[in-house]
Amino acid sequence: MTALPPQYDPTALEAELYRAWTDAGLFTPAATGRPHYVVMMPPPNVTSVLHVGHGLNHTVQDVLVRFERMRGRDALWLPGTDHAGIATQNVVERLVAKEGQTRFDLGREAFERRVWDYVRETGGSILDQLKAIGDSCDWTRTYFTLDPGLSRAVREVFVRLYEKGLVYRGHYIINWCPRCLTALSNEEAEKADVEGRLWSLRYPLADGSGHLVVATTRPETMLGDTAVAVHPEDARYRHLVGRAVRLPLVDREIPVVADAAIDPSFGTGAVKVTPAHDPTDFEIGRRHGLPAIDIMTPEARLAETVPERFRGLDRFEARKRVVAEVEALGLLEKVEAHAHAVGHCYRCDTVIEPRLSDQWFVRMAPLAEPALRAYREGRLRFLPERRGDEYAQWMENIRDWCISRQLWWGHRIPVWYCDDCGATHVSREDVTRCRCGGAVRQDEDVLDTWFSSWLVPFSSLGWPDDTPDLRTWYPGDVLVTAPEILFFWVARMVMAGCEFMGDIPFHTVYLHGTVRDTQHRKMSKSLGNGIDPLEVIRRYGADALRYTLVSGMAVGTDVILDPNDLETSFAPARNFANKLWNAGRFILSNVPGPTRPLAGPHPGALRPEELTLADRWIIARCDATIREATEAYERFRLNDAATAVYRFLWSDLADWYIELVKPRLYGDAPGGDVARAVALRTFDVALRLLHPVMPFVTEALWQKIPGKPEGAWLCGASWPRPDARAAAPDALAGFGVVQEVVGAVRAIRAEYDVPPGKQVRLFVTHPSAAAQAAIRAETGTILRLAKASELTLGESADRVGGYAVLSDGTGVFVPLGDAIDLERERARLGAELGKLEQLIAGQERKLGNEQFVARAPAEVVAKEREKLATWREQAALLADKRTRLGA
RNA sequence: GGGCGAAUAGCUCAGCUGGUCAGAGCGCCUGCCUUACACGCAGGAUGUCGGGGGUUCGAGUCCCUCUUCGCCCACCA
């Protein structure tokens, strides 16, 4: 075989291996009829740039898919991109702004073309970046949520829900982003705690008999007040209900109404009512027939409906102005600090303005019912389990979904209005003319991005047509994502699956953690604390990135990485890949051709009596690792799986088996063929077990395995199974003794500074029966690894030496009289002891000084006392050592 | 305001159904360029398992409480 370089160079191999896998079609499953394993990739935004969050999410998915593929399931991981309405439109709007224009300058059609150009130009890059991570998804099925097929599914769903009465148009208070100029769903309005203020304002009674005090966090909205509300049972205000107050600044008379929605214990128990700008107030307004005065423009500036001096002011400017004027009138009762939650746009973080408008909604309760049932009946499970409660809680309190967006980028709402007869057409096909013959115009709005992504488990497979793909791959199995989109996407996919396919789209939802920095802050562009996965791949390799992410992640916990120290984070995994590489180099260079089968009916198979204790031990360890890793992968404990294989490869195979088997591999030493067979087989197994996590380095090595079938890829190879015939659990204990003996001698050598090249004699005293057998079986190994010239079972005549007791009580004795220069060693110890005694004497003087003890801070004194104690202990140890050397 | 997590070596974390669980990696200390690997090998030090109380023959592991961080939900203006 061609010599492999001593350092693994990921960049030289990864791209080529990836191409080989795709060329071989390994990621495109054939529908063989075997059990399938289907994972829907959370479609990244088409404009997004790969960040480490993708890295984590995709590594987890890829590990699971590769594992199940090797287990023989038809594994489909279906990739796609999301048109991401608001996010993408914002990106292009910024580009247009650089040219000094707005989308309104361009006009709708031109702007849409501009977005399409942008998407076509840059849209694929995120997918290419995913390939660098090693994603084994089926690129032949890649979709985009604005593809014709998926767009047809969107229309079909809209029309069907409309026909069932589950889609409706309504006039309500919705969450409005004054910067994006669109309505948002409740989920898209992220609540954030804000340290705000609560202003108490006096509203004079219209008859001049006094005033009412109302409290508000948004004083500017008073310009749109149309009532003051109190609780009907509130004795303080009962006499005022039905009377009127005079709204300051506006000079408008508004009624005092009684409404049960008011909490008498909060503030003064009297509330200003602004039906056009608050959901609760809107409901109160409805119940009492109050007018709703919209006082704001879409940009959240004050509108024509307020007194002239306020018009055009930004809402926060207006707030200051209103407060100032109220105060000038002597009507500001008080201002208090007030912490409360305020909605922010999840795309641009602008403070949400509740706004009254006409929007399209989905009635969700009927859709939630079967989705909730699936969870309650255990057909749908969550990892970690507690996330299931969040899901259930959300489903139980589900609110209608505002799906219309005042954007230009997205699926246009399939509704046409006739201006002549006023008819509304909701249609799967484009409508060009009304029944009445009049012209029609399509609804200007587009649909929420999530209105297309909630369908992907089936729309990506050809729905609404009844395609073979759909029949084969629906329902899927596992959904892997971050908890942030549990409601946006996961919960809604379950509802859509139940409604349109009659079955949930996956049975398991695995919600992994978030990648955070060492201060536990989420990594983000704005904080500048991100880690660029491509840089990590460039410097350490994709395998190192993957291994680091996987091993840092227990089920449901976050992954903490230091963006300022990639070396600390990623070098260990890179080192592991290199270790694997070198173990492979060694084994492969010593195994020139195919080896004998380990066990079984084959004529050349190894016979049990040919195996040494060490052979049986490594086979047993290998089998145990197969069980451990397999179970861990099955239980989504990817970190445990990674750790198990790491331990086996490094601590067992490399540190022990390879070391001890060397003499058998060189030349024509006896037992060489057995050693080669065992080494190759266990190494092959380890490569398979590790492949899901580190696909590249394992594949590169596996390609060199002698006897590998022509054209076979580890990526498509079978998952290893424990081989009961070759397994030897008893060897675990036996070889454990061997390891302990070697370890004990090494420790003694280190302790007494025995020169590295110096051979020692070794006595094993009163060994247990099992220990005796093990030591006899591997005497050669012990002598070599302990650098001992002879091993005697029994007592030694020497008195000077190092002694150790093993866990089973077996004693290990190393005479040292002839192994070290006793005089020199005694002198060394004596010198060390002398230095220490001087230090101790000085310290004792210091602590004997009453001035010091009385005046120095207590902690300092304590620290000095500790030092003294430590030195005394060290001195005692040195003295003991010297005694053992016969001094 | 409700609900839920987490606090274990200097750092990042394992420790799943109470009894070799006091661990791993990194870092640190001491030797080694031993012909697979110095991205390595061998040896070593380090923790009142957040504080307090309880259950138990026995508790990082169960219960209560306190402290500190984090997450989800919520129309008290």
Side-chain angles (χ1 to χ4, degrees), chain A residues 4 6-8 173 186 191 198-200 214-218 221 229 261-274 278-284 338 340-341 343 354 384 386-387 389-391 393-394 396-397 399 483-484 486-487 513-514 516 518-522 540 544 548 551-562 565 567-569 571-590 631-632 635 637 639-640 643 646-647 650-651 654-655 658-659 662 666 742-743 745-751 753-757 785-787 807:
Chain A
L4 300 172
Q7 264 200 17
Y8 174 56
I173 299 273
N186 294 322
K191 289 294 176 64
L198 185 65
W199 287 269
S200 295
V214 297
T216 179
T217 54
R218 295 185 295 153
T221 62
I262 306 303
D263 175 3
S265 66
F266 185 87
T268 59
V271 181
K272 60 189 276 307
V273 180
T274 321
D278 184 276
T280 311
D281 293 7
F282 178 75
E283 295 301 326
I284 295 173
H338 182 68
H340 61 138
R386 64 192 153 86
R387 297 288 179 181
D389 294 334
E390 286 174 20
Y391 169 90
Q393 197 187 354
W394 185 79
E396 284 163 2
N397 301 300
R399 290 184 286 169
E484 290 102 81
L486 177 57
F487 306 136
T514 306
R516 296 174 185 279
T518 48
Q519 293 164 60
H520 293 215
R521 297 177 309 180
K522 205 166 157 177
Y540 302 94
T548 303
S551 62
M553 181 196 61
V555 174
T557 63
D558 290 334
V559 178
I560 311 295
L561 294 172
D562 186 349
D565 188 1
E567 189 66 13
T568 296
S569 299
R574 188 247 349 242
N575 295 351
F576 177 45
N578 194 240
K579 182 72 182 181
L580 179 57
W581 179 254
N582 277 291
R585 257 178 8 112
F586 177 80
I587 291 173
L588 295 172
S589 66
N590 284 289
E631 195 200 326
R635 297 174 60 197
R637 301 175 66 99
N639 55 333
D640 286 348
T643 307
Y646 179 102
R647 225 197 313 270
W650 201 317
S651 305
D655 287 350
I658 286 181
E659 282 309 318
K662 278 176 178 173
Y666 297 147
V742 172
V745 178
R746 283 172 171 170
I748 289 168
R749 296 181 63 112
E751 162 124 29
D753 274 346
V754 178
L785 298 185
K787 291 180 185 163
S807 57

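First the proteins, then the strands, lettered A, B, ... as listed; each starts at 1. Here the structure is a predicted model, which is why all the values come from computation and not from measurement.
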Side chain of [X]: nearest nucleotide among [options]?
{"X": "Lys191(A)", "options": "C37(B), C75(B), A36(B)", "result": "C75(B)"}
{"X": "Arg746(A)", "options": "G43(B), A77(B), C73(B)", "result": "G43(B)"}
{"X": "Arg637(A)", "options": "C73(B), A77(B), G15(B)", "result": "G15(B)"}
{"X": "Arg399(A)", "options": "C75(B), A36(B), A42(B)", "result": "C75(B)"}
{"X": "Asp640(A)", "options": "A77(B), A36(B), A14(B)", "result": "A14(B)"}
{"X": "Lys662(A)", "options": "C72(B), A36(B), G44(B)", "result": "A36(B)"}
{"X": "Arg386(A)", "options": "C4(B), A74(B), A36(B)", "result": "C4(B)"}
{"X": "Asp655(A)", "options": "C37(B), A42(B), G43(B)", "result": "A42(B)"}
{"X": "Ala747(A)", "options": "C37(B), U34(B), G44(B)", "result": "G44(B)"}

Taking atom [atom2] of [N] as reference, at what distance in whole Å does atom [atom1] of [X] sit?
{"X": "Arg574(A)", "N": "C37(B)", "atom1": "CZ", "atom2": "P", "value": "17 Å"}
{"X": "Asn578(A)", "N": "G40(B)", "atom1": "CG", "atom2": "P", "value": "7 Å"}
{"X": "Ile587(A)", "N": "A36(B)", "atom1": "CD1", "atom2": "P", "value": "12 Å"}

How far does the [atom1] atom of [N] sit from the matching atom of [M], given to the nearest Å?
{"N": "G47(B)", "M": "C4(B)", "atom1": "C1'", "value": "29 Å"}
{"N": "U8(B)", "M": "U48(B)", "atom1": "C1'", "value": "12 Å"}
{"N": "G44(B)", "M": "G25(B)", "atom1": "P", "value": "13 Å"}

Checklist entry - With a 3.5 Å cut-off and just heavy-atom distances, do the side chain of Glu659(A) and the base of A36(B) make a donor-acceptor pair? => result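 When only heavy-atom distances are counted, Glu659(A) does reach the base of A36(B) through a donor-acceptor pair under 3.5 Å.
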
Next on the checklist: Would the base of C37(B) count as contacting Arg585(A) through its side chain, where contact means a donor and an acceptor less than 3.5 Å apart?
Outcome noted: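 Per atom types, no contact qualifies.
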
Item to check | Torsion-based syn/anti label for G60(B), 90° from 0 as limit | outcome: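 Classified syn.
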
Checklist entry - Under 4.0 angstrom, heavy atoms only, what part of the nucleic acid is Ile173(A) near: base, sugar-phosphate, or nothing? => result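 Nothing, no nucleic acid heavy atom in range.
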
Next on the checklist: Over all strands shown, is Ala261(A) touching base, sugar-phosphate only, or nothing at heavy-atom distances under 4.0 angstrom?
Outcome noted: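 Here Ala261(A) touches no strand at all.
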
Any strand counts, and the cut-off is 3.5 Å on both contacts for Watson-Crick or G-U wobble. Which nucleotide pairs with [N]?
{"N": "A24(B)", "value": "U12(B)"}
{"N": "U48(B)", "value": "none"}
{"N": "A42(B)", "value": "U30(B)"}
{"N": "G5(B)", "value": "C69(B)"}

Checklist entry - Pick the nucleotide of RNA chain B nearest each of Arg387(A) and Ala215(A); which residue has the one closer to the 5' end? => result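 Between the two, 5'-proximity favours Arg387(A).
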
Checklist entry - Nearest nucleotide by nearest heavy atom, which residue falls closer to the 5' end of RNA chain B, Thr280(A) or Phe586(A)? => result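 The 5'-side residue here is Phe586(A).
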
Checklist entry - Hey, does the side chain of His338(A) come within less than 4.0 Å of A77(B)'s phosphate (OP1/OP2), counting only N and O? => result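 Result: yes.
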
Checklist entry - Think Lys579(A) forms a cation-pi with Tyr646(A), using NZ or CZ under 6.0 Å from the six-ring centre and within 45 degrees of its axis? => result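 Geometry flag: not set, cation outside 6.0 Å or 45°.
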
Checklist outcome for this item: Expected string for nucleotides 23-31 of chain B under the B/S/- scheme (protein heavy atoms, under 4.0 Å, primed atoms plus P, OP1, OP2 as sugar-phosphate) is --SS-----

Next on the checklist: Once you measure the plane-to-plane angle for Phe576(A) and Trp650(A), does it fall in the parallel (<30°), tilted (30-60°) or perpendicular (>60°) bin?
Outcome noted: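 If you compare the ring of Phe576(A) with that of Trp650(A), the planes turn out parallel.
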
Item to check | Asp278(A)/Arg218(A) ion pair, N-O < 4.0 Å | outcome: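 The answer is yes: the pair qualifies as a salt bridge.
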
